[in-house]
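Step one of this worksheet: look at the structure below.
Scope of the values below: all heavy atoms of this structure, side chains included, with no hydrogens, waters or symmetry mates.
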Amino acid sequence: MTGRNVDKIAALFPNCVTETLDEEHSRPGALVCKRAVNFDQLRQMLSGEIIEGGEAYEFTWVGKKAAIAEANRPTDRTLRPCPQESVGWETTKNLYIEGDNLEVLKLLLQSYMNKIRVIYIDPPYNTGNDFIFRDDFTRTAQEYDEALGVCDEEGNRLFKNTDSNGRFHSDWCSMMYSRLLLARNLLTEDGAIFVSIDEHEHAGLVCMMDEIFGKENYIDSVVWNKKTSAKGVPPKSMMVNIHEYIVVYAKSRDFRFTGEKRDEKADGFKNPDGDPRGPWRESNIKSTTKPVDEAFTITDPDTGRQYTNTWAFSRESLERMIREGRILWKDTLPKQKEFLYEMTNENKAIRSNWGVFDAQSTTVFLKKLMPQVHFDNPKPVSLMKYLVSVATREDDIILDFFSGSATTAQAVMETNREDGGHRKYIMVQIPESIREDSEAYKAGFINICEIGKERIRRIGAFLQKENPGADPDLGFRVFRLDESNRNDVFCPAGEYRQDMLAFLESNIKPGRTDLDLLFGCLLEWGLPLSLPCASEELEGCRVHTCVCGDGDLIGCFDEDIPDSVIRAIAKRRPRRAVFCDRGFATSPAKINAAEIFKRMAPDTRVKVI
């Protein structure tokens with residue numbers, strides 16, 4: 001029973017299961033280990049605060065507990081829709097989210113837990129370049145100030161990691177650890193995460209992901225070459241690095257690559273004799289593993305020539321293959337026809353070395369697409385298209401929460417166009433500012449999100465122009481991370497003041513729209529942000545309907561909603577209905593609305609915000 005319970009904990013929290021000495025079964029001179037639960041780590045995983053306690057020999061660093069606590073700490077932020085910046089708002093299933101990915105991942109957990117098949121990220125490496133995130137890996141004010149202490153206009157820490165920082169590796173590990181913990185929960189049981197990395201942090205990344213995903217779920221460190229040769233002045237070591245890695249971990253052993261599409265010509269399939277069974281290729285029937293004394297003789301029925309050898313098939317199987325005309329009688333040794341239509345897998349297995357993916361063609365394409373923007377070392381689109389094609393199915397969701405200039409979005413759209421798939425993407429990017437002396441800034445792009453969104457727009461227009469008859473999803477909905485839609489109206493009794501009464505009249509922040517409130521409810525109810533939504537007027541009230549798989553969600557956020565509108569909504573018997581507190585002029589009006597739903601739509605879940 002103990003072993004089974006440890007297995008259950010390992011399935012939920014792989015980083016909390018370790019090995020320890022089994023004193024009960026150890027013999028003198030022979031130590032026996034057993035699986036055990038690291039209860040200190042488990043307590044930390046279940047807490048939003050840092051748990052004090054000793055730390056043992058393990059892959060650890062200063063700030064690791066703080067990173068775990070940060071991942072577990074709830075967020076009070078929300079995602080605000082931006083229809084005016086979107087393309088095909090009403091119909092698209094794709095999402096582009098602006099904001100710190102740590103907070104965004106926490107919000108996505110409510111709607112997308114166990115729903116993302118593939119996550120790909122290209123995080124900032126520790127190469128001496130800055131990367132900026134609002135993380136607080138330190139605890140005291142003194143440590144806070146020492147760790148560069150740069151804040152934005154809202155007082156959030158903007159964390160820049162350079163090789164001049166004494167906590168160079170620790171801060172990078174903390175930044176990645178909290179995000180990977182959250183990302184694992186988003187994956188489907190047969191999902192996987194792909195992380196691009198170079199040699200600087202490859203070892204640390206593998207150690208972290210061993211803890212978070214479990215060593216048994218390590219697939220491989222895929223190698224891809226960024227150039228074909230080592231040209232130029234050789235370094236002192238006489239070795240030029242021309243490759244990078246993509247570290248691949250599955251959430252469980254259920255993950256399978258979809259594999260490469262079979263190419264008849266490349267794989268040697270042809271049909272020179274017009275066989276009605278279709279293309280075939282030659283394959284050996286001689287065995288190299290069976291003992292020589294198991295050899296037997298087969299005979300060519302046309303010539304009578306006999307061949308004695310150890311065969312890979314039984315006598316009965318070979319006789320059947322001879323009758324079916326599957327054997328090719330050669331002068332030296334017979335072979336068989338291996339037919340394409342009988343291949344066990346539609347696709348073939350892929351190698352761990354993906355070959356050369358030169359970014360030059362991507363750079364040239366982007367220069368034509370967006371001439372006012374200079375892209376520094378863009379990820380090759382061909383590399384991302386290959387990843388999408390061999391790792392995803394046609395209806396999967398792909399998440400990239402370090403989306404940069406949105407190469408992953410372009411790869412998904414182009415792959416869908418080529419194979420007729422309906423993959424959806426979710427791009428997440430922090431709105432990192434662009435240098436004011438750059439051409440992109442002068443052209444009106446103030447941050448990297450603006451570049452990413454415009455790239456997707458132009459790629460969509462380009463693909464539509466190339467193939468106007470196709471029907472891929474070339475749009476995307478834009479959301480922006482922001483503070484909660486609701487005012488914090490709760491204060492200790494002694495802190496209320498007379499001048500706060502006007503502020504307490506409404507619990508909704510000024511300037512928030514119906515769509516802000518509607519999509520905030522989708523997040524709170526754990527519903528996808530891509531749901532089809534429509535709006536209409538009912539007796540002067542604005543009513544919004546989202547079509548869900550298990551029924552509709554209807555929301556009305558107007559003030560003083562008349563009973564006739566409440567009845568009209570209840571008559572539709574939606575699965576969920578939501579209103580603002582301001583929608584009811586008096587407490588009796590709110591009670592009356594509840595009674596209307598009890599009578600006309602007793603199964604509807606009614607929420608008042």
Is there side-chain contact between [X] and [Y], with heavy atoms separated by less than 4.5 Å?
| X | Y | answer |
| --- | --- | --- |
| T604 | R576 | no |
| P83 | L515 | yes |
| R77 | T75 | yes |
| F213 | L187 | yes |
| F402 | I430 | no |

Establish, from distance only, whether the side-chain atoms of [X] and [Y] form a donor-acceptor pair under 3.5 Å.
| X | Y | answer |
| --- | --- | --- |
| D516 | T513 | yes |
| R179 | N101 | yes |
| S178 | E70 | no |
| Y425 | S403 | no |
| N507 | D581 | no |
| N416 | R423 | yes |

Exercise: identify the closest heavy-atom pair between [X] and [Y]:
| X | Y | value |
| --- | --- | --- |
| P602 | K598 | CB-O, 3.5 Å |
| A409 | I456 | CB-CD1, 3.8 Å |
| N485 | G520 | ND2-CA, 4.2 Å |
| V87 | L474 | CG1-O, 4.3 Å |
| I569 | C556 | CD1-CB, 4.3 Å |
| Y120 | L387 | CD1-CD1, 3.8 Å |

Under the ring-ring contact (aromatic ring centres under 6.0 Å, His included) definition, can you give me all pairs with a residue in residues 69-111, not counting sequence neighbours?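 Every ring-ring contact (aromatic ring centres under 6.0 Å, His included) pair that includes a residue of residues 69-111, provided the two are not neighbours, is W89-F479, W89-F519.
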Mind jotting down which residue pairs meet the ring-ring contact (aromatic ring centres under 6.0 Å, His included) criterion with at least one end in residues 543-568? Sequence neighbours excluded, please.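 Those involving residues 543-568 do not exist here.
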Does a salt bridge link [X] with [Y], judged by any charged N lying under 4.0 Å from a carboxylate O?
| X | Y | value |
| --- | --- | --- |
| E524 | R486 | yes |
| D560 | R582 | no |
| E189 | K251 | yes |

Determine, step by step, whether L46 and Q44 satisfy the side chain to side chain contact (heavy atoms under 4.5 Å, CB included) criterion, reporting the C-alpha distance in whole Å, the side-chain angles of both residues, the deciding distance to 0.1 Å, and the verdict. CA-CA 5 Å; L46 299 175; Q44 184 63 73; over 6 Å; no
Distance check, rounded to the nearest 0.5 Å: [X] atom [atom1] versus [Y] atom [atom2]?
| X | Y | atom1 | atom2 | result |
| --- | --- | --- | --- | --- |
| Y112 | L107 | OH | CG | 12.0 Å |
| L109 | K115 | CG | NZ | 11.5 Å |
| R605 | F597 | CZ | CZ | 13.5 Å |

Which pairs with one or both residues in [range] pass salt bridge (charged side-chain N to carboxylate O under 4.0 Å, His left out), sequence neighbours excluded?
| range | value |
| --- | --- |
| residues 450-462 | E85-K453, E98-K453, E450-K453, E454-R457, E454-R458 |
| residues 388-412 | R117-D396, D190-R393, R393-D396 |
| residues 404-414 | K385-E414 |

Is there a donor-acceptor pair closer than 3.5 Å between any side-chain N or O of [X] and the backbone N or O of [Y]?
| X | Y | answer |
| --- | --- | --- |
| K93 | H422 | no |
| T258 | S389 | yes |
| S47 | R43 | no |
| R253 | A250 | no |

Please step through side chain to side chain contact (heavy atoms under 4.5 Å, CB included) for the pair N94 and R477, ending with a clear verdict. CA-CA 6 Å; N94 300 316; R477 284 181 174 178; over 6 Å; no
Any chance you could lay out the side chain to side chain donor-acceptor pair (under 3.5 Å) test for N114 and N185, step after step, and finish with the verdict? CA-CA 6 Å; N114 302 324; N185 293 322; over 6 Å; no
Tell me whether R542 at atom CZ has more than 12 heavy atoms from other residues, nucleotides or ligands lying less than 6.0 Å away.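 Yes, the 6.0 Å shell around CZ holds more than 12 heavy atoms from other groups.
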Checking D473 against M413 for the side chain to side chain contact (heavy atoms under 4.5 Å, CB included) test, could you report, in this order, the C-alpha distance in whole Å, the side-chain angles of both residues, the deciding distance, and whether it holds? CA-CA 7 Å; D473 185 353; M413 290 192 293; over 6 Å; no
With ring centroids as reference points, do Y249 and Y218 lie under 6.0 angstrom apart?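 Close enough - the centres of the two rings lie under 6.0 Å apart.
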Does F584 form a side chain to side chain contact (heavy atoms under 4.5 Å, CB included) with V608? I'd like the steps, not just the answer. CA-CA 10 Å; F584 309 101; V608 178; 4.2 Å; yes
In chain order, what residues pass the ring-ring contact (aromatic ring centres under 6.0 Å, His included) check against Y441, with sequence neighbours excluded?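 For Y441, no residue satisfies ring-ring contact (aromatic ring centres under 6.0 Å, His included) once neighbours in sequence are set aside.
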